[in-house]
Student: 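Have a look at this one.
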Protein chains: 2
Amino acid sequence: MTEKPRPLRADAARNRARVLQVAYETFAEEGAAVPIDEIARRAGVGAGTVYRHFPTKESLFQAIVADRLSQVIERARAQTAADPGEGLYAFLFHMAEQGATDLGLTEAFAGIGFDLTEALPEAEREFTGIMADLLAQAQRAGTVRSDVDTDDIKTLIVGLQAMRRFRGDSERMRRVYPVIRAGLSVPGSAEASR
Amino acid sequence: MTEKPRPLRADAARNRARVLQVAYETFAEEGAAVPIDEIARRAGVGAGTVYRHFPTKESLFQAIVADRLSQVIERARAQTAADPGEGLYAFLFHMAEQGATDLGLTEAFAGIGFDLTEALPEAEREFTGIMADLLAQAQRAGTVRSDVDTDDIKTLIVGLQAMRRFRGDSERMRRVYPVIRAGLSVPGSAEASR
DNA sequence: TCTTAAACGGAACGATCGCCCCGATTCTAC
DNA sequence: GTAGAATCGGGGCGATCGTTCCGTTTAAGA
């Protein structure tokens with residue numbers, strides 16, 4: 001039933017790693033619309049080599065997004081272990097910063113030319129689960145208002161990333177993020193935090 | 001110095017109007033990436049006819065954005081005349097709704113493949129001016145915190161439109177908009193409004 | 001109605017891009 | 001070192017899209 005995938009030849013393994021690394025950087029900088037030839041060029045290989053490891057451009061992009069997503073999920077998991085009241089906020093800020101760094105990730109989250117739920121349903125579920133945990137513990141701790149749900153948070157992440165990516169320097173983000181934070185805070189609490 | 005533009009032939013004027021109308025609808029639905037041939041097809045004309053009235057696709061898109069922008073500016077102006085404390089909030093909500101309706105406008109505001117400031121500097125300046133007015137009067141009325149500036153508001157508009165367009169139904173918006181509103185409100189005021 | 005210039009539309013051109021093919025190269029096992 | 005298979009790379013194919021060209025059609029004035 002299961003096939004035994006013969007180990008890659010040394011040069012093939014090296015090239016595969018290079019392509020993955022370069023593709024990550026390139027999608028982050030230029031977004032999913034960047035031509036495969038550009039990635040191949042930057043990696044110092046031919047386009048054929050890219051296609052030998054990844055059957056379509058989509059599959060390469062998907063591999064990158066899956067990796068980035070697992071990093072982000074790990075980060076979220078780390079936050080659940082820290083201060084319960086601050087975990088969600090810290091994670092939201094982190095995601096806003098990711099939006100500035102990684103255009104590919106921003107597009108994946110926004111669903112621009114790529115359906116995350118369809119392409120990586122498992123990772124998407126996991127991400128949603130951690131978000132639910134972070135939100136629940138923040139609400140239990142009394143730092144986030146009780147009338148927002150997990151989908152609201154995911155929506156806000158898309159918005160935050162869009163703001164960061166399409167308008168603005170990091171200074172702008174540092175100014176706007178507190179507005180979202182204040183909006184999520186429990187009304188009447190000491191949420192006037194700077 | 002000034003050239004006398006001879007009046008268009010009747011069929012030419014009719015076609016030009018059709019193209020403008022159809023282009024507006026099509027850019028709103030599909031975004032700026034829609035092929036010119038598709039617009040021509042929907043308008044029932046040949047691609048050549050589109051290019052006779054608008055020398056490039058860019059110039060057609062720009063014409064549409066300029067028109068939409070002036071509508072939006074008019075709307076903002078109307079809000080300055082109404083309740084000073086609510087004007088900015090009403091306008092923000094309106095812009096969020098526009099994001100759901102008009103993908104082309106959303107892309108223009110987000111700067112996706114189109115530099116608004118460069119393409120329509122006059123309209124951009126005017127828009128920014130009205131935003132400054134709306135913000136100032138809301139701050140004077142005590143409904144918006146004093147530490148946000150006009151660029152923050154423009155950034156939030158981009159985010160709101162992205163949220164509305166890329167994630168959500170109108171139900172979702174009705175849930176998330178109040179979060180932004182609460183975040184903009186003066187801390188400690190009765191901003192816990194639903 | 002007839003003439004003529006304006007306008008039409010869609011075929012065609014050139015550029016871009018995803019993807020494939022195949023002769024040349026390089027790794028690896030012996 | 002050598003055979004043979006795996007891998008390489010880049011030229012090429014087909015599709016898409018912006019833009020142009022030109023033979024045909026049509027409005028408008030006499």
Side-chain angles (χ1 to χ4, degrees), chain A residues 3-24 26-27 29-65 103-104 107-108 112-115 119, chain B residues 3-24 26-27 29-65 103-104 107-108 112-115 119:
Chain A
E3 301 130 27
K4 43 179 79 174
R6 164 173 358 103
L8 285 177
R9 228 171 68 174
D11 53 348
R14 199 180 331 120
N15 280 336
R16 186 177 200 282
R18 267 193 74 74
V19 166
L20 266 177
Q21 171 65 22
V22 167
Y24 163 49
T26 310
F27 282 137
E29 284 171 29
E30 316 280 349
V34 76
I36 282 286
D37 285 26
E38 170 69 11
I39 292 173
R41 200 183 53 74
R42 292 201 201 188
V45 302
T49 298
V50 176
Y51 280 100
R52 199 159 313 103
H53 295 294
F54 304 93
T56 64
K57 180 186 174 182
E58 166 101 10
S59 73
L60 174 57
F61 185 68
Q62 185 171 318
I64 304 291
V65 170
L103 180 54
E107 290 175 345
I112 298 177
F114 181 81
D115 188 331
Chain B
E3 300 130 27
K4 44 178 78 173
R6 164 172 357 102
L8 286 177
R9 229 171 67 175
D11 53 349
R14 198 182 330 120
N15 281 335
R16 185 177 201 281
R18 268 192 74 74
V19 166
L20 266 176
Q21 171 65 23
V22 167
Y24 163 48
T26 310
F27 283 137
E29 283 172 31
E30 316 279 348
V34 74
I36 282 285
D37 285 24
E38 169 69 12
I39 292 173
R41 200 184 52 75
R42 291 201 202 187
V45 303
T49 298
V50 175
Y51 279 97
R52 200 160 312 103
H53 295 295
F54 304 93
T56 64
K57 181 186 175 183
E58 166 102 9
S59 74
L60 173 58
F61 186 67
Q62 184 171 319
I64 304 291
V65 170
L103 180 54
E107 291 174 343
I112 298 177
F114 181 79
D115 188 331

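Here is how names work: the chains are called A, B, and so on, in the same order as the sequence lines, proteins then strands, and each is numbered from 1.
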Student: Do A/V19 and A/F54 have side chains that approach each other closer than 4.5 Å (heavy atoms only, starting at C-beta)?
Tutor: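 When only atoms from C-beta onward are counted, A/F54 and A/V19 do touch, with a gap below 4.5 Å.
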Student: Check side-chain hydrogen bond (donor to acceptor under 3.5 Å, both in side chains) between B/D37 and all other residues, then give those that pass, not counting sequence neighbours.
Tutor: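 Per chain and number, B/D37 pairs via side-chain hydrogen bond (donor to acceptor under 3.5 Å, both in side chains) with no residue.
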Student: Near DNA chain C, under 4.0 Å by heavy atom, which residues of residues 32-48 of chain A?
Tutor: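 Going residue by residue through residues 32-48 of chain A, the ones with a heavy atom under 4.0 Å of DNA chain C turn out to be A/V34, A/P35, A/I36.
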Student: Mapping B/R9 and B/K57 onto DNA chain D by nearest heavy atom, which one lands closer to the 5' end?
Tutor: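 The 5'-side residue here is B/K57.
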Student: Sequence neighbours left out, what passes salt bridge (charged side-chain N to carboxylate O under 4.0 Å, His left out) with A/E30? Give chain and number order.
Tutor: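 Checked A/E30 against salt bridge (charged side-chain N to carboxylate O under 4.0 Å, His left out); matches are A/R42.
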Student: How far does CD1 of B/I64 sit from OG1 of B/T26, to the nearest 0.5 angstrom?
Tutor: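 If we round to the nearest 0.5 Å, B/I64:CD1 and B/T26:OG1 are 9.0 Å apart.
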Student: Under 4.0 Å from any heavy atom of chain A: name the first and the last nucleotide of DNA chain C that qualifies, 5' to 3'.
Tutor: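 Extent of the interface on DNA chain C: C/dC17 to C/dT28.
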Student: With rounding to the nearest 0.5 Å, note down the distance linking NE2 in A/H53 to CG in A/L8.
Tutor: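 One finds 6.5 Å between NE2 of A/H53 and CG of A/L8.
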Student: Would you grab the first and last nucleotide of DNA chain D (5' to 3') that comes under 4.0 Å of any non-hydrogen atom in chain A?
Tutor: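 Span of nucleotides near chain A: D/dA5 to D/dG10.
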Student: The criterion is salt bridge (charged side-chain N to carboxylate O under 4.0 Å, His left out); which residues satisfy it with A/D11, sequence neighbours excluded?
Tutor: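 Partners of A/D11 under the salt bridge (charged side-chain N to carboxylate O under 4.0 Å, His left out) test: A/R9.
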Student: Can you tell me how far apart CD (B/E58) and CZ (B/F114) are? Round to the nearest 0.5 Å.
Tutor: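 These two atoms lie 6.0 Å from each other.
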Student: Work out which heavy atom in A/F61 is nearest to a heavy atom in A/G104; give both atom names and the distance.
Tutor: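 Looks like CZ-O, 3.6 Å.
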Student: CD1/A/I39 to CD/A/Q21 distance, rounded to the nearest 0.5 angstrom?
Tutor: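 Between A/I39 CD1 and A/Q21 CD, I get 12.0 Å after rounding to 0.5 Å.
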Student: Mind running side-chain contact (heavy atoms from CB on, under 4.5 Å) on A/L60 and A/F27 for me, showing each step along the way?
Tutor: CA-CA 10 Å; A/L60 174 57; A/F27 282 137; 4.0 Å; yes
